[in-house]
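Notes follow once the structure below has been shown.
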Amino acid sequence: MEPSKAPEIFLKPYDPAMQEPRVLALWEKGGYGNPDVCVEKGVTKTDAPSYSIVLPPPNVTGTLHMGHAAMLAIQDILIRYHRMKGLRTLWLPGTDHAAIATQSVVEKELQKKEKKTRHDLGREEFLKRVEDFAQMSHDTIVGQIKAMGASVDWSREAYTLDETRSRAVQEAFKRMYDAGLIYRGNRIVNWDPKGQTTVSDDEVTYEETTGVLYTFRYSKDFPVAIATTRPETKVGDTAVAVHPNDKRYKEFIGQKFDVEFAGAKLALKIIADTAVDPEFGTGAVGVTPAHSFTDWEIAQRHELPLVQVIDEHARMTEAAGELVAGKKASEARERIVSWLKENDLLDKEEQTPMNIAKADRSGGTIEPLPKLQWWVAVDKEVQFPNGKTMTLKEWMKDVVSSGQIKIVPERFEKIYYNWIDNLRPWCISRQIWYGHRIPVWYHEPKCIPIPGRESDIEKCIPIIVSAERPECKFCAAQYHQDLDTLDTWFSSGLWTFSTLGWPEKTRDLEMYHPTDVLETGYDILFFWVARMILMTGFLLADIPFRNVYLHGLVRDEKGRKMSKSLGNIIDPLVMIQKYGADAARLSLIIGASPGNDVKLSEPRVAGYKNFANKIWNITRFVLENFDVNALSAKLNKNDEVLLEEAKNIAREVTKNIEEFRLDLAANSIYHFVWDRFAAEIIEESKPIFKADDGSPSSPSGQAAASRRYTLYSILYASLKLLHPFMPFVTEAIWRELPQKEAELLMVARWPQYNSRNV
RNA sequence: GCACCCUUAGCUCAGUUGGUUAGAGCGUUCGAUUCACAUUCGAAAGGCCGAAGGUUCGAAUCCUUCAGGGUGCACCA
């Protein structure tokens, strides 16, 4: 029996740069990313249960980074595994318009290259620029997703701002508006003076600094001293609050004072409120309803008037009084402090730790301002489509605490609850141009009666929610659309079902929703995951996904965030070019336990390239010593034990994938292949093949045949087990195998470790 | 202020419900190699598992306290 020669390709080391494009072409030709094709071609049974993941859509703000690469690797492992298991598997790709993020990238470019602002171009022209940029960025991203080997279904690709998704956004807005969940209201917003827009609470980050706490009296005869770190806002005070049990101030509660303070006339009422901490400062708070969230709430409780003294450009308004009106807030502060000194009203200046609120995107210092904006009510009781009445907050808690949605790692559930407990109404309107225009039309400033039909005006509806411009039968005024756009997370919140065709009742929606896993970085648990649960709950009375798997952040070797300014960015494409996509993937998987950050360095990626070559050479050895006749060989006891060992590995890998321990799964197959299969089993085989006398009936010939079969079986099973982790090299090898069950490894069956066959 | 996470070999990290001499990768040192693998193989050095108590027949693992590092949220007059 003459052993077959291994294909020539194995005589050279594994070359990912050469093999990967060929493998990509094979996959593209196969079309198995689309589950319908899998069913058509018979690799998936018609009645197979479904398994679905929607890709968290990358922002069209440029190129993908290592975090995206990690996300793609993890999801592709889950997808390939389930596809091989025989499930009807859908991985739906897409990109996110990322409103504020994309707009600001384009604005910066515009400023840098042409010294223009968006207002110089006008809304239409500017939007065209943004769209061009978004398209370019989209194409780059698609190329990168492919290069990573992600087996997504491109036929279902979606964009958060395309037509279908726009319809979903308008429908969602309308339903929530009709239910009273979305309302327009004058509340304190996080105003970003730099970006000239509102931002949500979650888009605000806090920086610790040291500030000065000033203790002073409004005037000589004012009975109470107060403390503040923002003296410039004090010209907008309308009350002084003390704790109801504070004996020092009890006698003053309810009294009113008119004072002249730094050029402003203040009418101050002394009130009692439990929000006041008697231990802090003097135990008395100057209440500024227009420029502080807590003060605004106090003002609501006590029906206090509101005086806005700072405007959208962080300048003092006319209402701030003659001393500081028109000045920058920072200047106003100095002015007022010196005024206090001049008038001998300042008791104390002391250093105090404080947090400065910054807008996440623009870095502007947040100025709390009262503004008329659109909000999602999270504490309002509403009827859900399933008939139940509850608040959005209650829903969000229930679906997690009841176990309908599982968060992995579990500790994030606590963080999630904590976030919900502190959740305030969600401000969804933004004063930027790129995004979903708010589908609301107004008769503003007012309705205009039609001559001769003046009484009709009572029937007129001055605010209408609609995708198209409505016509008014009762009034002569035109409807004007709201100028604002929606928070990008509003459309992202619909992602699991807008991608499947909602609000149409599509087959996809029925088959793939709820999705099985939402896999993303823990940094957007609140931004996105919580919002998806909220939106899906109200609109579908359903959950968007059964599992949330949170991966850690990819950092540099010193544990720092990768950033342009630090110059420590590792570009996934460069890594793929140098070491292959398989190596890049493995470096992001092994050693990355759920929810924990990964420290990545180039040598780490390089190390896994060796592994791909190892598999390559194992194959060479096995095929050089293989013979199809060996497939019918009678197995020796020894060899049966080896096959049993391989089954145990298959069992271990499977269990770990099921438990989201991809790091452990990858690790165990890695070690089995290298340390057991290559280093020991193959080494032991060499003498067996040497001793082979070529006669199938002799003991030596029989032993060799048994071993040939065994090596082939172990290789065969190893390729399958490795495939989700290293799809390229395994698929390239599969192509060369003389005996196999399927044209492509990506649709071969996952090893059945319960049966006799590996 | 309220939570959470991390601390194990020089570096990066595993060690999943407590169970024999604590593991891997990279790095270091020594050796082998006409042999599937210029990307290979073997071996060695290197750890009072952050500290102190406790529970237990038995603790890296469970409990308490503390220290250092990090994160989230709140407060921020």
Subject >> Arg708(A)/Asp627(A) salt bridge by N-O under 4.0 Å criterion >> reply: no

**OP:** Identify the nucleotide, in any strand shown, that forms a Watson-Crick or G-U wobble pair with A9(B), with both distances under 3.5 Å; if there is none, say none.
**Re:** none

Original post:
Nearest of U16(B), U39(B), A74(B) to any side-chain atom of Glu659(A)?
Top reply: U16(B)

Subject >> Polar contact flag, side-chain donor to acceptor under 3.5 angstrom, Arg604(A)-Ser587(A) >> reply: no

Subject >> Lys/Arg-Asp/Glu bridge criterion (N-O < 4.0 Å) met for Arg661(A), Glu659(A) >> reply: no

Original post:
Looking at Phe293(A), is Arg424(A) sitting on its ring face, NZ or CZ under 6.0 Å from the six-membered ring centre and within 45 degrees of the normal?
Top reply: yes

**OP:** Side chain of Ile415(A) only, please: which of A14(B), A36(B), G72(B) is the nearest?
**Re:** G72(B)

Subject >> For atom NE2 of His671(A) and atom C1' of A14(B), their distance in whole Å >> reply: 10 Å

Original post:
5'-most contact on RNA chain B: Ile618(A) or Tyr608(A), nearest heavy atom basis?
Top reply: Tyr608(A)

Original post:
Taking only N and O in the side chain of Ser593(A), is any of them less than 4.0 Å away from OP1 or OP2 of A14(B)?
Top reply: yes

**OP:** May I ask you to check whether Phe611(A) and Tyr579(A) place their ring centers less than 6.0 Å from one another?
**Re:** no

Original post:
With a non-hydrogen cut-off below 4.0 angstrom, is Ala678(A) in contact with a base, only sugar-phosphate, or nothing?
Top reply: base

Subject >> hbond_proxy Lys614(A) side chain to C37(B) base (donor-acceptor, 3.5 Å cutoff) >> reply: yes

Original post:
What does Asn613(A) touch in the nucleic acid at a heavy-atom separation under 4.0 angstrom: a base, only the sugar-phosphate, or nothing?
Top reply: base

Original post:
What's the closest nucleotide to the Trp674(A) side chain, out of U16(B), C41(B), G72(B)?
Top reply: C41(B)

**OP:** Consider the side chain of Ala679(A), meaning its heavy atoms from C-beta on, and name the nucleotide among G72(B), G42(B), C76(B) that approaches it most closely.
**Re:** G42(B)

**OP:** Name the nucleic acid region contacted by Thr282(A), choosing base, sugar-phosphate or nothing; use a 4.0 angstrom heavy-atom cut-off, strictly under.
**Re:** nothing

Original post:
Which is true for Thr352(A) with a 4.0 Å heavy-atom rule: it touches a base, it touches only sugar-phosphate, or it touches nothing?
Top reply: nothing

**OP:** Could you check how far CZ of Arg411(A) sits from P of G70(B), rounded to whole Å?
**Re:** 17 Å

**OP:** Determine, for Arg230(A) against Glu367(A), whether the closest basic-nitrogen to carboxylate-oxygen distance falls under 4.0 angstrom.
**Re:** yes

**OP:** To the nearest Å, give me how far apart NZ (Lys12(A)) and P (U39(B)) are.
**Re:** 17 Å

Original post:
G27(B) phosphate, OP1 or OP2: any side-chain N/O from Arg604(A) under 4.0 angstrom?
Top reply: no

Original post:
What is the distance, rounded to the nearest whole Å, between atom OH of Tyr579(A) and atom P of C26(B)?
Top reply: 14 Å

**OP:** Take Asn656(A) and Val285(A), find for each the nucleotide of RNA chain B with the closest heavy atom, and name the residue whose nucleotide sits nearer the 5' end.
**Re:** Asn656(A)

**OP:** Rounded off to whole Å, could you give me the OH-to-C1' distance for the Tyr522(A) and C73(B) pair?
**Re:** 15 Å

**OP:** Sort out the partner of G1(B) for me: Watson-Crick or G-U wobble, both distances under 3.5 Å, none otherwise.
**Re:** C73(B)

Original post:
With both distances kept under 3.5 Å, what pairs with U34(B), Watson-Crick or G-U wobble?
Top reply: none

**OP:** Among the candidates C35(B), G15(B), C76(B), find the nucleotide nearest to the side-chain atoms of Leu664(A).
**Re:** G15(B)

**OP:** Would you indicate, yes or no, if C11(B) has its OP1 or OP2 atom less than 4.0 angstrom from a side-chain nitrogen or oxygen of Lys599(A)?
**Re:** no

Subject >> Gap in Å between the two C1' atoms, one belonging to G50(B) and one to U8(B), rounded >> reply: 10 Å

Original post:
For the pair made of CZ in Phe526(A) and C1' in C4(B), what is the distance, rounded to whole Å?
Top reply: 11 Å

Original post:
When you measure from the side chain of Lys414(A), which nucleotide among U40(B), C4(B), A36(B) comes out closest?
Top reply: C4(B)

**OP:** Using a heavy-atom cut-off of under 4.0 Å over every strand shown, decide if Ser292(A) touches base, sugar-phosphate, or nothing.
**Re:** nothing

Original post:
Is the phosphate of C76(B), meaning OP1 or OP2, less than 4.0 Å from a side-chain N or O of Thr294(A)?
Top reply: yes

Original post:
Would you say a side-chain N or O of Asn596(A) is under 4.0 Å from OP1 or OP2 of A14(B)?
Top reply: yes

Original post:
Just how far, in rounded Å, is C1' of C76(B) from NE2 of His291(A)?
Top reply: 17 Å

Subject >> Partner nucleotide, any strand, of A51(B) [Watson-Crick/G-U, under 3.5 Å] >> reply: U65(B)

Original post:
Does U17(B) pair with anything, Watson-Crick or G-U wobble, both distances under 3.5 Å, and if so, with which nucleotide?
Top reply: none

Original post:
Among Ile657(A), Ile669(A), Thr730(A), which one satisfies side chain to side chain contact (heavy atoms under 4.5 Å, CB included) with Leu721(A)?
Top reply: Ile669(A)

